[in-house]
Every structure is written in C-alpha cells, then in structure tokens.
Amino acid sequence: MSDDQPITEVWPGVAYPRGAHWDGQGVNFALFSQHAEQVELCLFDGTGRQERQRIVLRECTDHVWHCYLPQLRPGQAYGYRVHGPYKPEQGHRFNPNKLLLDPYAKDTVGQLRWSDALYGYTVGSKREDLSFDRRDSAAMMPKARVLETAFTWGDDRAPRIAWQDMVIYELHVRGFTMTHPQVPTALRGTYAGLGCAPVIHYLRDLGVTTVELLPVHTYPNDRHLAEQGLQNFWGYNTLGFFAPQPRYSASRKVNEFKTMVRSLHAAGIEVILDVVYNHTCEGNQLGPTLSLRGIDNASYYMLHGNDRRYYDDFTGCGNTVDLEHPRALQLVMDSLRYWVQEMHVDGFRFDLASALARESGKVEHLGGFFDAIRQDPVLNHVKLIAEPWDLGHGGYQVGNFPPGWAEWNDQYRDQMRGLWKGNHGLISDVARRLTGSQDLYGWSGKRPNASINFVTAHDGFTLHDLVSYNDKHNQANGEDNRDGNSHNLSWNCGVEGPTDDADVLALRERQKRNLLATLLLSQGVPMLLAGDEMGNSHQGNNNVYCQDNGLAWLDWTQTPDNTALLQFARQLITLRRRHPSFRRRNFLRGQPVHDDTIKDCEWYRADGQPMEPHDWDNHDALSVAMLLSGNGIVEQGPRGESLVDDHFLLLFNAHHHDLTFTLPAAPLAGAWQRILDTHDGYVAPSESLPPYAAAPPWEAPAYELRARSVVVLRGENAAMPDRSQDAQPRGPRDAR
C-alpha cells in the first residue's frame, strides 16, 4: 500500500502477539492498556514525518486493544494516541495529544527531538497535575515501524561456552570500533563494524569467549545532555525493549544486528546483552510522555502508595517498572524471548537487577520475575547475570540471587583493588575471592561460576586510570566533578595522571599486570573491560556515560607498553584456558582429593610454613602463597570425567618491599618451573604451554619475590598424560 492510499478495511484482529505483527498477508496491531477509554492507531509516511491516517481500535480483549489491517506491509511507520483520564493523583496520565511509541516496536524511524510539547503537562507550571498540555508531539517523536523479521541464519548455532571456560569482554558497540584502523570508516561504531573480520580476529586472538554489549535497546539522548551538547553514550535509559539502537547501525536495518551475531557465533564467540528493564527514559512525574506513561502509567510503573502522583524510585532514574503487574512482566518476558529467539543472543546481564525482584517495594528473591524465567522453556537455559543491587533500601543482594543466576561480584573488585593498593587487613578476604567466593555462593548450592569476577567495568576507572589517578577527574561532564563514584580504591603510584617518570611508569605497568594476573587466575568467571588489555585511558574520568567522543572511545594507538601488556593478557588467557586448575567447576575444599596425600588447595606464609588461623587475622599481611593440586579435578572433562592437571604455586606479594618465599616441598616429579612473573612481565611462551620446554627449572629452595608482584610456579604432575596439544575446547565449533 502506498502512503497516499487510505486504509479502507479494518478487521478485528487478535490480542496476541503484542505489537505490530506481519503474517505475510497483513499486519495485526495489539496494545495493552487497562485504563484507557479509547486507542487510536496513527499511520505515517515512510519517513515518519507526516501523519496520514488515524484508525480507532474498536476491539478490546482483556484490556488489549487490537485490529488487523490486511492492506499493510512491512515498513509502515506508526504510533499510538491513547485517551483516558488525566488524574495524576490516581496514577493516570493519559493525553491523546502525545504520540506514543509502541512498547513492542521492533524497529524505529526518526529520532526524538526535545521540545516542551513532549510533556503531558505544561512545562513551567507549579504543579504538573494541575495543567494539561494540548500541543501535538508527533513531529518530535520517533515512530515504530512494522518489521519483516525473516533472516537467513544458515547453520548458526549458539556456542554454548561452559561457564567455567568463559572469558567475558565488556564492550560498547560504538566506542569499541570508532578509531579502529582496520575497520572501514563507514562501519566504525556500528554492529557491522563489530562483526567485521579484523575485530573478530582480535577477539579470538585475545582469547575472548563472550562479548557483553552495553545497552543496545533503543534509547534517546537525555534532554539535559542534549542542551549541553553531550550525548547519552552508555544507553542506560531505555525507550523501547525490542528495537536495536539505530545509531549503531550502518544500514539502518535490524538485520545488521543479526548479521553481527551470526558472525560472532561462527567464530565461537557468545553475545550477552546488558539490559535495562528496571526503569525507562520517562523519568519521574516531571518527565516526558513518550510511551508507557501515556499508554497506562498506573499499570507499568511503581507508584507511591500514599500519593500516586509520585513514583517509587529504586533506580535513581526517576521511576521503576512494576513487574508485579502481569502485563509489565509479560512485556519484559516477551522482550527477553524475542532477543533469544529472533536475534539469537546467548544471555543477559541485568542492570540494577534487585529492582526487578521488588514486590510491594521489597526485594523478593522468589518473586514473579524469577519464577517466570525459571519455568520459561526459552530463557531457563541462557546465561543470566545480575547486577545484584539497586538504590533502594535492602537493594544490595550480592550472593542472594536464585539458582541459575550469576552475579557481578563487587566484593571481588573492591578487595582485589584494595590488596594491590596496599590496604591492610584483607588477606583472608582475598583468599576467599581467589577461590571463587564460596562464602557468598556456596551456601545456596551454587558453584564458583556464580561469581563474575572483575576489577574494572564501564562504570568507573579503566585499568590504566586505576593505577594512574587517586581521584576522579570528571570536569568534562559538566557537573563540577560531583558525578561518579569517589570511592575508587585507586592508587596513582606516586604521581597524579600523566608523567614522564620512568619509575612511576614501570610501577604502573607492573600493577596492571598484577591485577590482570589476579583476575585471570582466580576461580570464577573473569570479566575484562574492553581496552584494559592494552592500557586504554579515559584520562581520569570515571563516569564517561555522556562522552560520545575520543574520551570514551577505545584508543587503538599502539605503543611499546600497550603492545607488551596486550601480549601479556593473551598469554594469561591461554594459561587459564589450557589448565582446568584455574577454572574449576567446584569449590576448593582444602582437603585431600580422593586418596591423595596432598590437599586440593593449601596456603603458605612466606617462610614456607602452612597458614595458621592467627595468620589470617594478621592485619599487616600483604603476601600469601597458594598451592593448587592438579590431581582429580572432579567433573571437569567433556564427559564429566575427572581430569589431572599440573600443580601450581601462586605467590602474591603486595608489599612495597621484596620478600623471600621459602618454597614448600613440591608434590611433583621434578623441580618447580617459573611460568609467570608480573615483575618483568614474563610468561612462558604459549607454544610451550605445556610442556613448558622454554621454562627453566627452579632448583633453589626459595624465591626472591619482588615488591608488588605475582609469580606462578608450575610443578610437573607425574600422573599427567602427554598433553602437548591439549587446548581446552571453547565450544562445539572451536576452530583453534
């Protein structure tokens, strides 16, 4: 049907599926609104700029308004106007003058252009509930667009990387490739750029198994940022839960995202989405009317019990989506299934996940949202990762999410940062984090892979800045350096920011290696922040959420230090991948394995004596040795069999002075071999891992462990078979 031809046939249609559904012959429209009095479907021309026709939806089934238009085809732009009471004190904010984006929109056209006409009340009035704005907002709104979902996936299959084998790499679709020299200029900052051969080669060469993408759900630029010439870069302010963000598309077609996923899957790399279902971009009672607020405010948002003008804000963003309401819950569940079934993603990281668990304002771990996911045949087998906190009372829930969920472990982040900063009194906590945080996750029957270990993430300092700045430097954000976290547990190594001091620069490089080695040799699932492996910096800004520019984009410039750090990171990941000792499925018990004479994990002081209970309480301790036995790593093999690995002695010295470590009696066939030392950046060449032919034996009874460094010694296990070609598989389609 052309834009100029009016719709003459309107059939009743059906109430499900929600949104605009093209069935090959026409389009069914369905919109939930429990409290609406009338719903109008507004059809626009192909650009979304000119409204062509309004169609009143006369069918309403179980509060779902629907119709079927047999003349319509994919590509049709549309929006809704919803009539009903404007009574904010009762929670109702209907205003048919405001064009609304379909919450189920799978594609969009046009951008949000900020204007006072986007608000349901008259901006500037003393109370928004006493005014009603009659200006039409259609010209300022993006429009939904009917999508043809057909796509040739070919033999695409989910890589299904085992949790313990994962190396997560958190990246921003746009920022990752904006300055990449091998990505064509037209593709930089896009899904196509992320899916192109040079980028995939880099990820595979690094050893990444799983990319975790910062939000790709469609979102607008915040008004206060737009007025300052800034941009919402991170995207944690969702407008639509189904449509990919169009700014990241070179072709402006949804299939570009699918092509990216297919290309990453072909390389054996999983795709996890960082998703924001806890709030929307409509903000509090003074925010704009763009979608859910105008469709059915009282159903979709948590409202204050004493005065429903106001929103219960557990997110710090003005509102909280009310997943106690079955239709709001259905919206989120339908969105999750869509991204798995239609877009083939492999899992999700849930922003402020505690907010999703709130019922009657309280966090309920076995509430409707978790019950719905646990029984869902599509979602109960994908990767589920929680950011286990929100900003409300009782929102901090690290270690308390239900079975099947992994969690960002901020205790790992803070205690490892504290150790390498030189903070005292942490040695017992550090030991818990190194061994998978059993104190947090073991009580509920979970395994070490419930802990997503990280020392840096998008929110906060990069690894380079963590060792280069004592304080945040966020002046570019226009908030007088008040934004961002001031508790960073960072240390500048003696000079704030850039310096030419060779000793300071050398110490910073060593500290980066210490943090990377600690992360990648810990039990649990490691997560790297993109660019940390090559010294990327945000110049001391720990909150680049609004910096869509070189300050936040990954800098691909090669320097000798960056190149050396990248090679070190690659070798570390290879070491982790080739040795199941560093990625066990089960918690270490500190007990002999089967009938073995040595324990699976033992701890030693620098004098070579076992750690005693009082040693763990030594406030001044900044060093420890951990011996990992490679005997009988239970249920680690591809068929559940026990594997045998080498023995490893890990020496940690966070003191500012050197220490002599007396090596414990080696439970091995020969002498110890040094295979890693962060002081000089040494890692035994990957081609000799194993059998480590290039790593000389360490015959001395002691090791001089330099200040602020990590050393790994390998002991040959007499029970080891010949495993010279034994790289662990990364997935069913591993091509290594």
Side-chain angles (χ1 to χ4, degrees), residues 16-18 32 34 63 103-104 212 215 217 236-238 240-242 272-280 282 291-292 295-303 305 311-341 345-408 441 444-446 450 452:
Y16 195 86
R18 307 283 186 265
F32 163 76
Q34 180 177 345
H63 303 134
Y104 281 78
E212 183 177 302
H217 288 172
Y236 289 92
N237 225 4
T238 308
F241 296 131
F242 291 78
I272 287 178
L273 301 187
D274 192 336
V275 288
V276 186
Y277 293 111
N278 57 79
H279 76 280
T280 76
E282 291 184 303
S291 183
L292 300 182
I295 293 171
D296 197 340
N297 185 69
S299 295
Y300 279 114
Y301 292 120
M302 291 186 184
L303 303 179
Y311 295 79
D312 284 338
D313 180 12
F314 299 106
T315 66
C317 298
N319 63 56
T320 307
V321 175
D322 184 8
L323 296 191
E324 279 194 88
H325 194 289
R327 294 307 189 193
L329 176 61
Q330 184 179 41
L331 171 67
V332 172
M333 296 296 293
D334 286 348
S335 170
L336 291 169
R337 279 191 295 268
Y338 175 79
W339 286 95
V340 173
Q341 293 177 304
V345 304
D346 303 286
F348 306 93
R349 178 268 189 189
F350 292 83
D351 178 67
L352 299 181
S354 293
L356 305 175
R358 289 189 178 270
E359 296 186 349
S360 301
K362 299 179 181 179
V363 177
E364 298 290 348
H365 297 294
L366 299 180
F369 176 66
F370 297 104
D371 290 343
I373 284 186
R374 184 175 296 182
Q375 61 77 43
D376 190 280
V378 173
L379 301 176
N380 64 17
H381 64 270
V382 302
K383 304 283 176 63
L384 302 172
I385 301 172
E387 183 183 37
W389 51 78
D390 65 17
L391 301 186
H393 177 73
Y396 185 78
Q397 294 292 332
V398 171
N400 291 330
F401 273 71
W405 286 74
E407 301 174 10
W408 273 25
Y441 304 109
S444 60
K446 293 183 179 181
I452 306 298

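Start at 1 with the first residue, then count along the sequence. Worth knowing before you read on, the calculation uses all heavy atoms, side chains too, and leaves out hydrogens, waters and symmetry mates.
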Nearest heavy atoms of [X] and [Y], plus distance in Å:
X	Y	answer
Q34	D296	N-OD2, 2.7 Å
Y277	S335	OH-OG, 2.7 Å
A298	L303	CA-CD1, 3.8 Å
G368	L329	O-CD2, 4.1 Å
A328	S299	CB-O, 4.3 Å
P403	R374	CD-NH2, 3.5 Å

Run the salt-bridge test on K383 and E212 with the 4.0 Å N-O cut-off and return the result as yes or no.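 A salt bridge is absent here (no side-chain N lies under 4.0 Å from a carboxylate O).
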Is a salt bridge present between R349 and D351, judged by a nitrogen-to-oxygen distance below 4.0 Å?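 So R349 pairs with D351 through a salt bridge.
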Roughly how far apart are [X] [atom1] and [Y] [atom2], rounded to 0.5 Å?
X	Y	atom1	atom2	result
L323	Q330	CG	CD	12.0 Å
Y311	Y301	OH	OH	6.5 Å
E359	M302	CD	CE	8.5 Å
S291	E282	OG	CD	6.0 Å

Whether the T315 and D313 side chains hold a donor-acceptor pair (N or O, under 3.5 Å, no angle test) is what I'd like checked.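 Short answer, yes.
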Test your reading of the model: is there a side-chain donor-acceptor pair from Q375 to the backbone of A372, 3.5 Å cut-off?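 Yes: the side chain of Q375 pairs with the backbone of A372.
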Under the side-chain hydrogen bond (donor to acceptor under 3.5 Å, both in side chains) test, residues paired with D334 that sit two or more places apart: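 Counting only residues at least two positions away or on another chain, D334 forms a side-chain hydrogen bond (donor to acceptor under 3.5 Å, both in side chains) with Y16, Y104, R337.
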Is there a side-chain contact between [X] and [Y], using heavy atoms and a 4.5 Å cut-off?
X	Y	result
L379	M333	yes
F350	F401	no
H217	V276	no
V363	F314	no
I373	L336	yes
T238	P215	no

Test W389 against L352 for side-chain contact (heavy atoms from CB on, under 4.5 Å), laying out the working first. CA-CA 5 Å; W389 51 78; L352 299 181; 4.0 Å; yes
Please check if the distance between the ring centroids of F370 and W405 is under 6.0 Å.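 Yes - the distance between ring centres of F370 and W405 falls below the 6.0 Å cut-off.
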Show your working on side-chain contact (heavy atoms from CB on, under 4.5 Å) between L356 and N278 and close with a plain yes or no. CA-CA 6 Å; L356 305 175; N278 57 79; 4.2 Å; yes
Please lay out, stage by stage, how D390 and R358 fare under the test side-chain contact (heavy atoms from CB on, under 4.5 Å). CA-CA 10 Å; D390 65 17; R358 289 189 178 270; 2.7 Å; yes
Could you give me the CA-CA distance, side-chain angles and deciding distance for T280 and N319, then say whether side-chain contact (heavy atoms from CB on, under 4.5 Å) is met? CA-CA 7 Å; T280 76; N319 63 56; 3.7 Å; yes
Only one of V345, V275, V382, D346 clears side-chain contact (heavy atoms from CB on, under 4.5 Å) with W339; which?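 Among V345, V275, V382, D346, the one that satisfies the side-chain contact (heavy atoms from CB on, under 4.5 Å) with W339 is V345.
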Measure up the Y300 and F32 rings against each other and bin them: parallel (under 30°), tilted (30 to 60°), perpendicular (over 60°).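 Rings of Y300 and F32: perpendicular, over 60°.
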